[in-house]
**Q** 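Sharing a structure here in structure tokens format.
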Amino acid sequence: MSKQRRSFTPEFKREAADLVLKQNYSYIEASRSLSMGESALRCWVDQIQKEHKGITPQSKALTPEQQKI
């Protein structure tokens, strides 16, 4: 039996990244509290930080507003 890959909504990604960016969780604390991988969380945080700096993301937008743009 193979493992199924989890998928996350843009809202979940943004809220998970906010744990690190706004609530000062460590990556380890946030990923453990959400039962997810630390590397995925790091990617989401990195993407949000780049977007705030005006760098165009190479992956999918995280929020519905970003998807409209």
**Q** Measuring from atom CD1 of Ile48 to atom NZ of Lys53, what distance do you get when rounded to the nearest 0.5 angstrom?
**A**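 Here the rounded value is 13.0 Å.
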**Q** Who pairs with Glu15 by salt bridge (charged side-chain N to carboxylate O under 4.0 Å, His left out), at least two apart in sequence or on another chain?
**A**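 Result, salt bridge (charged side-chain N to carboxylate O under 4.0 Å, His left out) vs Glu15: none returned.
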**Q** Can you measure from OG (Ser26) to CZ (Arg32) and round to the nearest 0.5 angstrom?
**A**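 These two atoms lie 8.0 Å from each other.
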**Q** Around Tyr25, counting heavy atoms of other residues, nucleotides and ligands shown, do more than 12 lie under 6.0 Å from its OH?
**A**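 Open: at most 12 neighbouring heavy atoms sit under 6.0 Å from OH of Tyr25.
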**Q** Tell me whether Asp18 is salt-bridged to Arg14, with the criterion being a basic N under 4.0 Å from an acidic carboxylate O.
**A**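 No, no charged N to carboxylate O under 4.0 Å.
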**Q** Which pair of non-hydrogen atoms, one from Met36 and one from Arg6, has the smallest distance, and what is that distance?
**A**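 Scanning both residues, the minimum pair turns out to be CA-NH1, 4.1 Å.
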**Q** CD/Gln47 to CZ/Arg42 distance, rounded to the nearest 0.5 angstrom?
**A**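 Here the interatomic distance stands at 16.0 Å.
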**Q** Atom CG in Leu19, atom CH2 in Trp44: separation rounded to 0.5 Å?
**A**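 Going from CG on Leu19 over to CH2 on Trp44, the span is 10.5 Å.
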**Q** Could you grab the distance from atom CD of Gln23 to atom CD of Glu29, nearest 0.5 Å is fine?
**A**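 If we round to the nearest 0.5 Å, Gln23:CD and Glu29:CD are 11.5 Å apart.
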**Q** Considering non-hydrogen atoms only, spot the tightest contact between Tyr27 and Leu41 and give its length.
**A**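 Smallest heavy-atom distance, with atoms named: O-CD2, 3.7 Å.
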**Q** Can you measure from NZ (Lys50) to NE2 (His52) and round to the nearest 0.5 angstrom?
**A**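 Lys50 NZ to His52 NE2: 13.5 Å, rounded to 0.5 Å.
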